[in-house]
Amino acid sequence: MTSIAKPRIVHKGLKRNALGLTIRDYEGGMSTLCAGCGHDSITAAIVQAFFELDLPPHRAAKVSGIGCSSKTPAYFLGASHGFNAVHGRMPSIATGASAANRELYLIGVSGDGDSLSIGLGQFAHAVRRNLNMLYIIENNGVYGLTKGQFSASADIGTKAKRGEENRQPPIDAVQMALALGGTFVARGFSGDKEQLVPLIKAGLRHRGFALIDVLSPCVTFNDHEASTKSYAYTRRHSRSAVETDFVPPREPIRTSYAEGEVVPVELHDGSRVLLRKVSRDYDPRNRGAALDYIRARHRAGEIVTGLLYIGEDEPDLHGINHTTRVPLNALPYESLCPGSEALAQVQRRFR
Amino acid sequence: MTSIAKPRIVHKGLKRNALGLTIRDYEGGMSTLCAGCGHDSITAAIVQAFFELDLPPHRAAKVSGIGCSSKTPAYFLGASHGFNAVHGRMPSIATGASAANRELYLIGVSGDGDSLSIGLGQFAHAVRRNLNMLYIIENNGVYGLTKGQFSASADIGTKAKRGEENRQPPIDAVQMALALGGTFVARGFSGDKEQLVPLIKAGLRHRGFALIDVLSPCVTFNDHEASTKSYAYTRRHSRSAVETDFVPPREPIRTSYAEGEVVPVELHDGSRVLLRKVSRDYDPRNRGAALDYIRARHRAGEIVTGLLYIGEDEPDLHGINHTTRVPLNALPYESLCPGSEALAQVQRRFR
Amino acid sequence: MSQDRVNDFVVKFANVNGTGSASANSLLMKAIFRMGVPVSGKNFFPSNIQGLPTWYEIRVSEAGHLARSGRVDVMVAMNSQTYLQDLHEVSPGGTLLYDSTWPRDRMLARDDITVLGVPLARMCNEHFKSARTRVLMKNMAYVGALVALLDLDDEVVTALIREVFARKPSAIDANLEAVELGFRYAKEHFECPLPTRVERRDLTAGKIMIDGNTATALGCVYAGATVGAWYPITPSTSVMDAFKSFCERFRKDPETGERRYCVIQAEDELAAIGIVLGATWNGARAFTPTSGPGISLMSEFLGFAYFAELPAVVVDVQRVGPSTGMPTRTQQADLLAAAYASHGDTKHVLLFPANPRECFELAVAAFDLADRLQTPVILMSDLDLGMNDWMTDELEWDDAYRPDRGKVLDAAELESAQSFHRYLDKDGDGIAYRTYPGVHPKGAYFVRGSGHNKYGGYTENAREYQEVVDRLLRKWQTAAGLVPKAVIREHPQSAGVGIVAVGSSDPAVAEAVDALAERGIHVDYCRIRAFPFGPEVERFLAAHDRIFVVEQNRDAQLKALLTLETSCPKERLTSVLHYGGLPIDSRTVVEALLNAIQEGVTA
Amino acid sequence: MSQDRVNDFVVKFANVNGTGSASANSLLMKAIFRMGVPVSGKNFFPSNIQGLPTWYEIRVSEAGHLARSGRVDVMVAMNSQTYLQDLHEVSPGGTLLYDSTWPRDRMLARDDITVLGVPLARMCNEHFKSARTRVLMKNMAYVGALVALLDLDDEVVTALIREVFARKPSAIDANLEAVELGFRYAKEHFECPLPTRVERRDLTAGKIMIDGNTATALGCVYAGATVGAWYPITPSTSVMDAFKSFCERFRKDPETGERRYCVIQAEDELAAIGIVLGATWNGARAFTPTSGPGISLMSEFLGFAYFAELPAVVVDVQRVGPSTGMPTRTQQADLLAAAYASHGDTKHVLLFPANPRECFELAVAAFDLADRLQTPVILMSDLDLGMNDWMTDELEWDDAYRPDRGKVLDAAELESAQSFHRYLDKDGDGIAYRTYPGVHPKGAYFVRGSGHNKYGGYTENAREYQEVVDRLLRKWQTAAGLVPKAVIREHPQSAGVGIVAVGSSDPAVAEAVDALAERGIHVDYCRIRAFPFGPEVERFLAAHDRIFVVEQNRDAQLKALLTLETSCPKERLTSVLHYGGLPIDSRTVVEALLNAIQEGVTA
Ligand SMILES: Cc1ncc(C[n+]2csc(CCOP(=O)(O)OP(=O)(O)O)c2C)c(N)n1
Ligand SMILES: Cc1ncc(C[n+]2csc(CCOP(=O)(O)OP(=O)(O)O)c2C)c(N)n1
Ligand code: SF4
Ligand code: SF4
Ligand SMILES: [Mg+2]
Ligand SMILES: [Mg+2]
């Protein structure tokens, strides 16, 4: 939440996007996180993605819970509204926001504690509702802000800084989302911006709940030896299953691929994600197979990353509710109030 | 919660178990549920299982939340303590009870609303802790006590009595438990007592969290056509993957089976469960495979029942905590208080 | 021994729940209402779906007194389980009707009442085929008997049956026949009508019979609420059921079937209030109906909304606490929990409807106040008001009404504005200007429950923090001037004695005031409709040196709020408490006051 | 211009968090304490892990006044970000110490104070190799300078360093060298010591320096708590950290490594309190530490425990509300939320420790009371008391102590008992007998939050329900007689003016009482230690016609409890409020009283 106003010097000749905005226009306040915190890299990736997508900052809304991760919305999109909810309850705020204004670009930023401990119930039910939002979990295996206790994503056998060992099985947000019918399930690593930016872009364009579980090391409490969420460990064990390119609407697919190597998926606004499969025995459009694959690789000690599953055809919250196209918060009162005659009619029943 | 005292007539010649108790001694108050409610059959199965296991009723403790299902502990084991928690929070009560007295036979009874909506977070974390208890979800796809709203276990396409259709993906407690590292995961049907009783016995003897998701039709609000939780539908679509026999300690395995047909699993008290596989491509001791199998059959429109996964080697709450064998509530105060000298010692640090 | 009680008696029905008696009983009540005589019905049902005792009490009162009276003139004893208890409840001179199909135990008698047996089961078994019909028709058969005994207008009853079963005409004949069976039997075997009977009047014109939850739902529709979030809980569930069905009727596009509303069944109450806040943050009107346990679970978010200043409308249909308590019994025991919900220094606006018409009106007011004050407003209803059918004035609507959305800056205003600071008190009323997401870059700010300064920036600075929470107190002052005024009824010869009450206690208090007046004791009555208390409440309290606070809880919670939030010396306040879970009756109030005043004299 | 302030001054450190300054500052404080001079240290840190401004304030007071004094005699300005603000805070005649490695902006000066520059960074960079050491040693270097300037006993400092770094001897030399660097520089360049300096005394014998959370944890260990459940939250986290480490030391089998305790990190606060209740239901002593947001989340279960009558010990280390508020600032603003937590008619027992020794003693008392009263007991601490090092009397323990487990029937008693009914009030004190699961078949009963009668059976009957909740009020009366008595300090010549306060406001109030006495104004002081209020509180209130209620919140919550739960006319109570988030200082109290008394005179 803390944030120090940052001097906004616009260098001449700084690249401008279709809206004539520079990347500076997508930044926020100065980060107050620890130097080297993975969360800051994710912030940078979000800024990059918005800039490249030519999105007007004020059409976006940032929601988060409580935690170091949940502070980061103060560090990007300074011209967007933000909402720091209470701990673990951001998904319900996002649900209401989406219900009221279906045209918002909703970005949720949470932590593994915020989403998998206190917030597990709300997270799971947001997935079920296929809420139209991008939901990023900045996953470091600990509670950073309260100084390093294990979170529910801590792996068995991982050691805390003080030496304590975790012996409870972890909750994997990715498997959870797949099991709950999530329509866009991805995993990234804060140390791999090349992979992360297109994932964020695709997630923003996806209609429905887009989860990106981003491994984001906590340099202060969980980046040591014997931690399975450290930079070193993650670098060593993460493996990209699908490489994702994002192609905006109307833009031709330039790079050419060998037959069958690439799966193009069209999104609702006409943009496409190109999924280049690294291992051929993997199909990112088959939920069950995706789950099986992730579990198999996990047994082999690997953390699978990339856009692991995408399904564009499920109805989102409004599809399920058959809500009118016009955002509810924009409907004129006249179209909501039945009026005095209707009231008289209704009351016949009560006489 | 409501319960009417039941006249306890002990018929002469009524069968007695090793403790000299008759089945009557394991019953509770008269049920106040709707005639035909699936929950009542589960109550009967619990009574049967306890009677056959020769367990002293007062060594058991019954915990539940709020709902028609959560009322049922009043209808069995009248000589056991009971605890109706607040809605959805029974797992935390059970956790504390187990922490305080590791020798209790803890039986949790909950509903799909109680465990998968408001209680999802607590349920998931109880599984992670591998709490030593039997946890039964009496699953009817609706909120019975509040008159029939959809619960989180309602299937896509299922219709409510008033005709409303559910379009949100269901949460399956069984898959959830498997994904969260559950050590005993089973599914039953209130209409199949033969299958249910051994499951309950095995679950009571298992050291760790034993989940039995029991399909239990709500005759008043969810037993109609177009409901996927009705008696008719469940009978048509449920399919037993493993048949379970429970063999008490020291008792020889009488029935003889063909080679490889049966998997015997030894429990910590020396009793065994014999798992007779119906489909050979299924291994109830392989978590991943179990999950895959269930998903596959589910895609084929089948509800797989039986003891779907069992792993006896995971530490339970106390194993993880290295708690002393003596129940904490039985430790003499002298063994807990360091005394005045220790206090003087400790304070050196503060001078 | 039995005296005439024309249009002034109580009929009570003892049934088994799940046997369809409810519709029969309310049909009977409706018939009396249509004969122009004021009635009210109270349902005492178990927290269970089928097979347990349930009672229904109809009070007929030409004088328009619709609280519980404490007496039972006619008892329809259909439940053998509770027969004995029901028999004892009948007031001397009263009548008891039972199913004489089975011989009645001779012990179960009383010589100070008239006992009438009707072979309901036998008649229905002989007359109807299906088991289900036989059970249901027993109820209509006793209705028939009562039509004769109470001298009801059978045309009215017939018309009602046709209306009620309009959707399945097949049922109409059966019901008419059943009524006829009972009617004929009564006519043949008893001296009809009884001294307790109904005579046509014209006292219900301009009135309707409706339950508070339905009226509340209508209020939400008319206020323009578009987002509703909830987690089912008795006795609030019917608020959302009604809201949904009204929206299906008025907010659904006939062609596309698209909805101009969104109701979300949340996973629990914490999520329900969160959804409401997410929606109001974005400028939609949103609400959540709940009951006590929900208020406890929502308290963290309520404190957040108070501090971050987001509107929200919460409907608390109170039931008996603490904890799960008695979910199907009534109480007014969430006042303190709601007024000061959440840790830290917090205060919340409460509204107290006293009848269905006010449920409708105050629901609309709740949305206007929430938007104007940018804070949660909790509509304090209860099970008696919410779930029972009350006779109330017709609901009226002024088509000129437009929602008060409070201080919101639109794109144009932001465009031309120098700058925007979320928590600046420009107007000195403690209310700052807000903006919605997606409208204009200049409007961007952070909603947060953590420390913030008047510009909306995060702070850990004592002075900046204090500036903000002190302004919230100014806003609270403003609120006291905006909330609905108390309804005050003063008597010229009043002896400086006053009664203060809220919500569903009104009928009992009003009747008590009349009863006391008959005894020559004139008391003034101030029915509070909102918290914080307006100046008129202060004035009333100042003008009376003996004030009785009538409320339906154990700990005198309304008295506590008056003690803390007005300048009235607490020594002037005397509690009249009723908290067993049945709606308060006028006797309780009358006796309490008489005793207290006695003491006052003798002391 | 600067006058002598021997053993009576304040040193304030302005640092950047995460740079290791904390240990240096507390080491300095410890040194003064060991020189026999009373001290206290207050840490003002940000809700963040690294890189933001943080302050530490050490008050040296021979008179033993340990509240914040409002003045700053020596400012160690190590943070350029806040330099200007820090400079302005120095009291006239005071001294400011800064790092002169970099030239200081000439604008940043004041001619009414002495400004001393020490090239800390340069010295350390020249002397030490690794970057990390250089940063850390800067802190020890200014400690060295202060040893010279404040005339501290360098042997004491040396000894302390050896103790603190006993575990990594490698660090000892570096630290000693750094101290030496600063010491020598100061000796060479400044006139040492300053007028603000320390002289050896013998005033700290029998005292320790400890934070309240650690003392609370010790209390839980000594009370015999075996189950601890929690969800981390500032400022309560160190309670469980300390409990765990003490248990590792005293409750772990040396051979097997088996633990005689079980600490569970819950998924949230709703689960934490649930775990506690599950444990106490089974007869284990269990507790959960939390802060404001946790109290809000626990409120549903707290109401359950009140009604189902289960013991529970909750430690509320209060922070600034509402909502997330300021997690690293202090307040006493959860009183109402805790006292009446949950919907329905509920009341909870609160204890108010005022220093670490009381944290220890009242923690033990909390478990005895919870068991005796079969209800939750909430220990109301706060961030100032919980996280800062306080000078307090040595903790003492009577080995004859045995826990009061209250009315519990064991197997033998149940065996011989005719029958057992959970909620029967056999002794007339409102407390019924309970049993534990697994002990005896006759002891079986249902714990439920739904309506129950005195036998423990489920009920929806008004009379039966009322019997139970009325008994709970009798139990409440009993509680008032059992809770720790208030500490009352009366002055023979007192002018009928009294002060009432709770918890960490004590040092400020005590100092204020002395300060007023010096002015010839003698006020009496009643420090309340528990809710419900005992007879001694009633007596104190009755004996004073002007009572000032000093508390650290905006809404006068303690005054509210006094108004509602005592017979004292509210007109007699005047609030003195301090709620910016910094611990209350004596000035605030003195000025408030003087003004009020002035008005009193002039009015
Ligand atoms: C109700 C409540 N309980 C506890 C806290 C304290 N708290 C703040 S952040 C946090 C955990 C944050 O962990 P995570 O979500 O993983 O974020 P990280 O700091 O690791 O990025 C906790 C327990 C709180 N703010 N509110
Ligand atoms: C906090 C809270 N919210 C809501 C309720 C109302 N309520 C009681 S039972 C229930 C749902 C029960 O559904 P389930 O667990 O599936 O049990 P079933 O009746 O279907 O067996 C609800 C919502 C409550 N008692 N407490
Ligand atoms: S504590 Fe960990 S998570 Fe928090 S800011 Fe520092 S590095 Fe990041
Ligand atoms: S409502 Fe449904 S769940 Fe409840 S008792 Fe009746 S049949 Fe069973
Ligand atoms: Mg984390
Ligand atoms: Mg259910």
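- Side-chain contact check for C:T54 versus C:V16: every heavy-atom pair is 4.5 Å or farther apart.
- For the set C:S342, C:G451, C:G292, the count of heavy-atom pairs under 4.5 angstrom toward chain D peaks at C:G292.
- The part of D:L562 that comes within reach of chain C is its backbone (N, CA, C, O), which places non-hydrogen atoms under 4.5 angstrom from that chain.
- Residue with the most contacts toward chain D among C:A556, C:A337, C:G449, C:A305: C:G449 (heavy-atom pairs, distance under 4.5 Å).
- For chain C, the nearby parts of D:Y579 are the backbone and the side chain; heavy atoms of each come within less than 4.5 Å.
- Neither the backbone nor the side chain of C:L302 comes within less than 4.5 Å of any heavy atom in chain D.
- The closest side-chain donor-acceptor pair between D:N79 and D:D86, if any, does not fall under 3.5 angstrom.
- Rounding to the nearest 0.5 angstrom, the gap separating the CG atom in D:L350 from the CZ atom in D:F533 is 8.5 Å.
- In summary, the side chains of C:N553 and C:E551 do present a donor paired with an acceptor at a separation below 3.5 Å, with no hydrogens or angles considered.
- Your options are C:Y306, C:Y340, C:F301, and the one with the most heavy-atom pairs under 4.5 Å with chain D is C:Y306.
- Contact tally against chain C (heavy-atom pairs below 4.5 Å) for D:L582, D:L297, D:L336: the top residue is D:L297.
- Neither the backbone nor the side chain of C:D316 comes within less than 4.5 Å of any heavy atom of chain D.
- Put simply, the side chain of C:E565 reaches to within 4.5 Å of the side chain of C:K347, judged on heavy atoms.
- When each of C:Q466, C:R554, C:M326 is checked for heavy-atom pairs under 4.5 Å with chain D, C:R554 comes out on top.
- Using a cut-off of 4.0 Å between Lys/Arg side-chain N and Asp/Glu carboxylate O, C:R471 and C:E309 are scored as salt-bridged.
- Heavy atoms of D:L473 lying under 4.5 Å from chain C belong to its backbone as well as its side chain.
- Contacts between C:R329 and chain D at a heavy-atom distance below 4.5 Å involve the side chain alone, from C-beta outward.
- For D:Q557, the part lying near chain C is the side chain, with the backbone staying farther off; criterion is any non-hydrogen pair under 4.5 Å.
- Interface remark: C:L577 contributes no atoms to any contact with chain D (heavy atom separation under 4.5 Å).
- When each of C:A462, C:G344, C:S323, C:A333 is checked for heavy-atom pairs under 4.5 Å with chain D, C:S323 comes out on top.
- Each of D:T328, D:D470, D:I295, D:L270 has some count of heavy-atom pairs under 4.5 Å with chain C, and the biggest count is that of D:D470.
- The shortest distance between side-chain heavy atoms of C:F307 and C:V468 falls below 4.5 Å.
- The residue among D:A308, D:A338, D:G580 with the most heavy atom pairs within less than 4.5 Å of chain C is D:G580.
- Remark: the C:E464 side chain and the C:T459 side chain contain an N/O donor-acceptor pair separated by less than 3.5 Å.
- Side-chain contact check for D:S47 versus D:T234: every heavy-atom pair is 4.5 Å or farther apart.
- The candidate with the highest count of non-hydrogen atom pairs below 4.5 Å against chain C, out of D:V320, D:V469, D:T346, is D:V469.
- Side-chain polar atoms of C:S236 and C:S291 form no donor-acceptor pair below 3.5 angstrom.
- There is a side-chain donor-acceptor pair under 3.5 Å between D:S567 and D:E538.
- Considering only heavy-atom pairs separated by less than 4.5 Å from chain D, the leading option among C:P46, C:G303, C:S296 is C:S296.
- Looking at C:F304, both its backbone and its side chain come within 4.5 Å of chain D, counting heavy atoms on both sides.
- A salt bridge links D:D384 with D:K42: the closest approach of a Lys/Arg side-chain nitrogen to an acidic carboxylate oxygen falls below 4.0 angstrom.
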